[in-house]
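Have a look at the structure below, then the notes.
Each residue takes its place number in the sequence, starting with 1. One-based numbering, in listed order, for ligands and for the atoms of each.
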Amino acid sequence: MKEIDWANLSFGYMKTDYNVRINFREGAWGELEISSSEQVNLHMAATCLHYGQEAFEGLKAFRGKDGKVRIFRLEENAARLQSTCRGIMMAELPTERFKEAVLKAVKMNERFIPPYESGASLYIRPLLIGTGAQVGVRPSNEYMFLIFVTPVGPYFKGGFAATPYVITRKYDRAAPLGTGIYKIGGNYAASLRASHEAHAAGYSAEFYLDAKEKKYIDECGAANFFGIKDNTYITPLSSSILPSITNKSLMQLAEDMGMKVERRPVAEEELTTFEEAGACGTAAVISPIERIDDPENGHSYVIAKDGKPGPICTKLYNKLRGIQYGDEPDTHGWVTIVE
Ligand code: PLP
Ligand code: COI
């Protein structure tokens, strides 16, 4: 194997040794299969190809200073995948099967788990797709669940640094009663143009406003939003954003740190009042926000006045990473150690 430059990994795909698969046929999930092929063999009329019956997840495994490998909150990802499956009428994979598959995929690719010192991690990508051949718009009766893993570095260039974001008014990612709360490919397809334009203009990512009133902050294309002021952690409550497991964890950590936590609609104007803000997610971890521009409205909300991550973002980041890498006690039982 070519030497991997662990410390300089980007958030990209790298081939690993194995992936795992479980098929759903005749009303039941089958045995777990191990594959070394990067290909899937699909019927051309599969519902995932035509009607978007496709769900995915994203979680990470971390190698600690003690050499142990820890997976963060995998039961939460299992539950969110089940919720997505109910949302787009796919067969739900039981939590125990999800766990078995994650552990197998991580163990079989042990040599790709980055060393502690690199600050990198192993990204775990579960995928669940409708495989039954159908032309009518109906849920499939056959599904494939698959997990591949790949070593990754930071999602946003620069890692833990304050960077600029932009509000997009031209595009919506999800409708108020649509599929924004589910982790399905269609939401990401809907974000591609806005994301491309944001990157081309030099921003880390695009922010969406609520689609109905265009008044409240929803989230980025791949991360939730939080703001900090008056010792309070504030994060949007919205029917069109993905329930982020990182955000849920940060709310708990903020509370542990003696902060107040508020989950409520966050109007765009409120951005002027935050002392700090961040984008958070499995891939993004905490990406501190330097400023959010709203060019179509002529506003620029500067949050990190000195251009640096603020003290609370830094403390939350260190605490979260500490738990993930095993440097801090896992007081909430969030970590599964790979035996
Ligand atoms: N929002 C969107 C749209 C995402 O794609 C992600 C990434 O999974 C998140 C938020 C963050 O969620 P989590 O913290 O569970 O990774
Ligand atoms: C994640 O944070 O796991 C994501 O899925 C974000 C992105 C890569 C889609």
Side-chain angles (χ1 to χ4, degrees), residues 9-14 54-62 71-84 87 98 102 120-128 147-157 159 165 168 171-175 178-192 194-196 198-199 204-211 217-226 233 235-254 263 266 277-287 289 316-317 320-321 323-324 334:
L9 285 172
S10 62
F11 193 89
Y13 175 80
M14 180 188 293
E54 185 271 354
F56 69 99
E57 271 302 329
L59 62 162
K60 282 176 173 170
F62 304 85
I71 304 173
F72 191 64
R73 306 202 75 172
L74 66 83
E75 292 86 359
E76 290 284 334
N77 291 90
R80 190 169 64 189
L81 180 60
Q82 289 156 5
S83 157
T84 299
F98 182 90
V102 169
S121 55
L122 187 75
Y123 188 68
I124 304 164
R125 172 51 64 86
L127 184 71
L128 201 157
I147 299 183
F148 68 80
V149 299
T150 193
V152 293
Y155 187 65
F156 295 124
K157 255 195 264 144
Y165 290 73
T168 174
Y171 309 106
D172 292 319
R173 172 184 169 275
T179 54
I181 53 172
Y182 306 125
K183 203 160 169 66
I184 61 169
N187 296 335
Y188 297 82
S191 78
L192 289 175
S195 157
H196 175 78
H199 289 141
S204 285
E206 76 289 7
F207 262 103
Y208 296 91
L209 298 176
D210 76 288
I217 300 291
D218 252 359
E219 63 174 335
C220 299
N224 275 185
F225 171 84
F226 68 86
Y233 180 103
T235 194
L237 179 69
S238 160
S239 61
S240 50
I241 66 179
L242 191 77
S244 157
I245 295 159
T246 311
N247 198 3
K248 187 174 177 181
S249 310
L250 293 175
M251 285 188 249
Q252 180 64 58
L253 295 179
R263 226 172 134 222
V266 177
C280 65
T282 297
V285 194
I286 290 180
S287 297
I289 296 175
L316 284 168
Y317 177 86
L320 177 71
R321 301 275 285 178
I323 295 169
Q324 292 174 330
W334 288 344

Atom indices of ligand 1 within 4.0 angstrom of Gly281 heavy atoms, with elements
11 (C), 14 (O), 16 (O)
Could you tell me whether some N/O pair between Ala283 and ligand 2 is separated by less than 3.5 angstrom?
yes
Looking at ligand 2, would Lys60 count as a contact under a 4.0 Å heavy-atom criterion?
no
Under 4.0 Å from any heavy atom of Ala223, which atoms of ligand 1 are there?
1 (N), 2 (C), 4 (C), 9 (C), 10 (C)
What are the atoms of ligand 1, with element, lying closer than 4.0 Å to any heavy atom of Arg173?
3 (C)
Less than 4.0 Å is my threshold; does some heavy atom of Arg80 fall inside it relative to ligand 1?
yes
Counting from 1 in the order shown, the ligand 2 atoms closer than 4.0 Å to a non-hydrogen atom of Phe56 are 5 (O)
Distance check, rounded to the nearest 0.5 Å: Asp210 atom CG versus Glu219 atom CD?
12.5 Å
What protein heavy atom lies closest to atom 1 (N) of ligand 1? Include the residue and the distance to one decimal.
Glu219 OE1, 2.6 Å
Under 4.0 Å from ligand 2, counting heavy atoms only, is it the side chain of Glu57, its backbone, both or neither?
neither
Checking a contact table here: which protein heavy atom is nearest atom 6 (C) of ligand 1, and how many Å away?
Ala222 O, 3.3 Å
Going by heavy atoms, is Lys183 under 4.0 Å from ligand 1?
yes
Kindly say whether Thr84 contributes a backbone atom to a donor-acceptor pair with the side chain of Lys183 at under 3.5 angstrom?
no
Looking at Asn224, which atoms of ligand 1 are within less than 4.0 Å of one of its heavy atoms?
1 (N), 10 (C)
Top protein contact for atom 9 (C) of ligand 2, by heavy-atom distance:
Tyr188 CE2, 3.7 Å
What protein heavy atom sits nearest atom 5 (O) of ligand 2, and how far off is it?
Lys183 NZ, 2.8 Å
On a heavy-atom basis, the closest approach of Gln324 and Phe62 is O-CB, 3.4 Å
Quick one: does Gly221 get within less than 4.0 Å of ligand 1, heavy atoms only?
yes
Do Glu206 and Arg173 meet the salt-bridge criterion of a basic N to acidic O distance under 4.0 Å?
no
How far is atom 16 (O) of ligand 1 from the closest protein heavy atom, and which atom is that?
Thr282 OG1, 2.6 Å
Show which atoms of ligand 1 fall inside a sub-4.0 Å distance from at least one heavy-atom site of Tyr188.
2 (C), 3 (C), 4 (C), 5 (O)
For the pair Asn77 (side chain) and Gly58 (backbone), establish whether a donor and an acceptor sit closer than 3.5 Å, ignoring hydrogens and angles.
yes
Aromatic plane relationship, Phe226 with Tyr233 - under 30° parallel, 30 to 60° tilted, over 60° perpendicular
parallel
What I want to know is whether Tyr123 and ligand 2 share at least one N or O pair that is separated by under 3.5 angstrom.
yes
List the closest protein heavy-atom neighbour of atom 6 (C) of ligand 2: residue, atom name, distance to the nearest 0.1 Å.
Ala222 CB, 3.8 Å
